[in-house]
Amino acid sequence: MSVKVSVIVPNYNHAPYLKLRLESIFNQTFQDYEVIILDDCSTDDSRDVIEKYRSKPQTSHIIYNEVNCGSPFKQWAKGFNLAKGDYIWIAESDDWAEPNFLESLVPHLENNHNIALAFSASKWVYPDYEENVSIHFQDFEMNGIDFIKNRMICGNSIHNASAVIFRRNNLHKISDTYTQFKGSGDYLFWVNLCETGDVYFLAKQLNYFRKHKSNTTQKCNSNGITYKEDYSIFSYMKKKEYLSSWARKCTASFYLAKIKKSDGYLTSKDAIKVWEN
């Protein structure tokens with residue numbers, strides 16, 4: 001069956017959020033898609049929720065891991081290998097979307113084959129409040145390398161995978177190194193994908209990014225993994241000459257404030273050597 005969008009839902013212990021997530025997918029106004037649900041050996045009631053959607057005609061795969069794979073990005077890669085759509089949407093299991101999310105973004109990739117990825121603004125949802133967080137304030141289309149140089153130096157400005165759809169055929173052009181990461185694999189993935197084409201941003205808030213203690217990003221920030229992995233990504237961008245002298249200084253200043261005394265992972269001297277030289 002030919003479909004336009006493959007929706008990959010990687011889940012681990014997000015049973016409380018799964019119904020809203022899945023309903024927001026199956027209720028999209030754009031209906032030309034398949035749904036691939038990947039559960040990474042959840043220990044909660046996720047299976048009970050997931051099984052309620054097995055009979056949906058758009059559900060093409062439901063796979064339960066017998067052993068936790070240890071990285072959400074390995075689940076991404078598994079989903080990519082199963083996907084049949086022209087475009088891919090990684091719909092994280094604890095987030096949700098407006099009904100017109102796909103309807104609003106798909107046409108931009110359809111009408112311009114130079115666009116590698118398109119993403120919307122997100123609303124960040126905390127347990128007690130919601131917040132509008134964005135460093136992009138209006139619609140734009142930008143060359144991917146320029147986007148890296150201007151928007152991806154001091155951290156990953158594509159904050160949430162759930163806000164993005166991208167061209168599946170470009171996956172063969174990028175390395176699978178991101179699958180070896182636990183926290184910042186998305187950062188490296190977006191950088192690599194931006195190297196394959198242009199980027200489109202839609203300033204409408206069509207995605208809801210849930211922030212909570214069991215969120216992968218929160219865990220990796222708290223245990224220092226994010227900073228270790230970001231270090232290797234900045235080294236990659238430096239090697240590719242994406243960082244100007246000014247950008248290296250800004251990056252060093254920004255991240256040194258965060259990683260200082262982080263479990264002995266990196267000294268100030270080491271960071272300056274990599275980012276400012």
Side-chain angles (χ1 to χ4, degrees), residues 4-6 8 73 76-77 79-80 83 85-92 101-102 104-122 133-181 183-204 206-207 209 217 226 229-248 250-251 254-255 275:
K4 279 294 177 187
V5 182
S6 292
I8 299 170
F73 309 112
W76 286 21
F80 298 160
D86 295 332
Y87 314 115
I88 291 178
W89 175 21
I90 302 170
E92 301 282 11
F101 175 80
L102 289 177
S104 299
L105 289 180
V106 168
H108 296 286
L109 287 100
E110 287 278 274
N111 297 330
N112 185 345
H113 292 281
N114 291 325
I115 294 177
L117 66 89
F119 69 111
S120 78
S122 299
V133 178
S134 181
I135 62 173
H136 316 295
F137 302 106
Q138 58 186 6
D139 298 0
F140 65 79
E141 183 181 327
M142 188 182 298
N143 172 271
I145 302 300
D146 290 339
F147 182 79
I148 296 171
K149 292 179 177 179
N150 295 313
R151 306 289 179 105
M152 297 290 275
I153 299 304
C154 286
N156 181 9
S157 72
I158 303 179
H159 295 137
N160 184 212
S162 295
V164 188
I165 63 171
F166 56 89
R167 204 173 296 278
R168 180 171 65 90
N169 284 344
N170 286 353
L171 288 172
H172 75 276
K173 301 177 183 179
I174 70 174
S175 166
D176 65 355
T177 304
Y178 71 93
T179 63
Q180 304 306 311
F181 287 57
S184 297
D186 57 336
Y187 190 0
L188 180 60
F189 181 79
W190 302 132
V191 168
N192 290 159
L193 204 58
C194 287
E195 293 172 323
T196 71
D198 295 346
V199 174
Y200 177 80
F201 173 71
L202 181 65
K204 292 181 181 178
L206 302 177
N207 176 62
F209 180 21
T217 302
T226 295
E229 294 181 347
D230 282 358
Y231 176 81
S232 67
I233 296 171
F234 291 125
S235 297
Y236 170 81
M237 291 193 289
K238 178 176 178 289
K239 182 179 179 180
K240 297 286 285 188
E241 299 184 345
Y242 296 152
L243 280 69
S244 65
S245 297
W246 176 84
R248 289 197 294 272
C250 287
T251 302
F254 181 80
Y255 272 91
W275 288 328

Step by step, work out the side-chain hydrogen bond (donor to acceptor under 3.5 Å, both in side chains) result for Asp198 and Asn112. CA-CA 9 Å; Asp198 295 346; Asn112 185 345; 4.9 Å; no
Determine whether Ser120 and Asn207 satisfy the following criterion, side-chain hydrogen bond (donor to acceptor under 3.5 Å, both in side chains), listing intermediate values before the conclusion. CA-CA 7 Å; Ser120 78; Asn207 176 62; 5.7 Å; no
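When only modelled atom types and interatomic distance are considered, Tyr87 and Glu110 share a side-chain donor-acceptor pair under 3.5 Å. In this model, no donor atom of one side chain and acceptor atom of the other lie less than 3.5 Å apart for Asn160 and Ser122. Side-chain contact annotation: Tyr242 with Glu195, donor-acceptor N/O pair under 3.5 Å present.
Atoms CZ and CG, on Arg168 and Leu109 in that order, are 13.5 Å from each other to the nearest 0.5 Å.
Figure legend: cation-pi geometry between Arg151 and Phe140, with NZ or CZ positioned under 6.0 Å from the six-membered ring centre and within 45° of its axis.
Contact annotation: the side chain of Ser104 approaches that of Leu202 to within less than 4.5 Å [non-hydrogen atoms, C-beta and beyond]. Under the 4.5 Å side-chain criterion, counting only non-hydrogen atoms from C-beta, Trp190 is not in contact with Tyr178. The side-chain heavy atoms of Ile8 and Ile88, taken from C-beta on, include a pair separated by under 4.5 Å. With a 4.5 Å cut-off on side-chain heavy atoms, Leu117 and Ile165 do not count as touching.
Judged purely by atom type and a 3.5 angstrom limit, Asn143 uses its side chain to pair as donor or acceptor with the backbone of Asp146.
Atom NZ of Lys204 sits in a sparse spot, with 12 or fewer heavy atoms from other residues, nucleotides or ligands closer than 6.0 Å.
Checked against a 6.0 Å centroid threshold, the rings of Phe80 and Phe189 count as neighbours.
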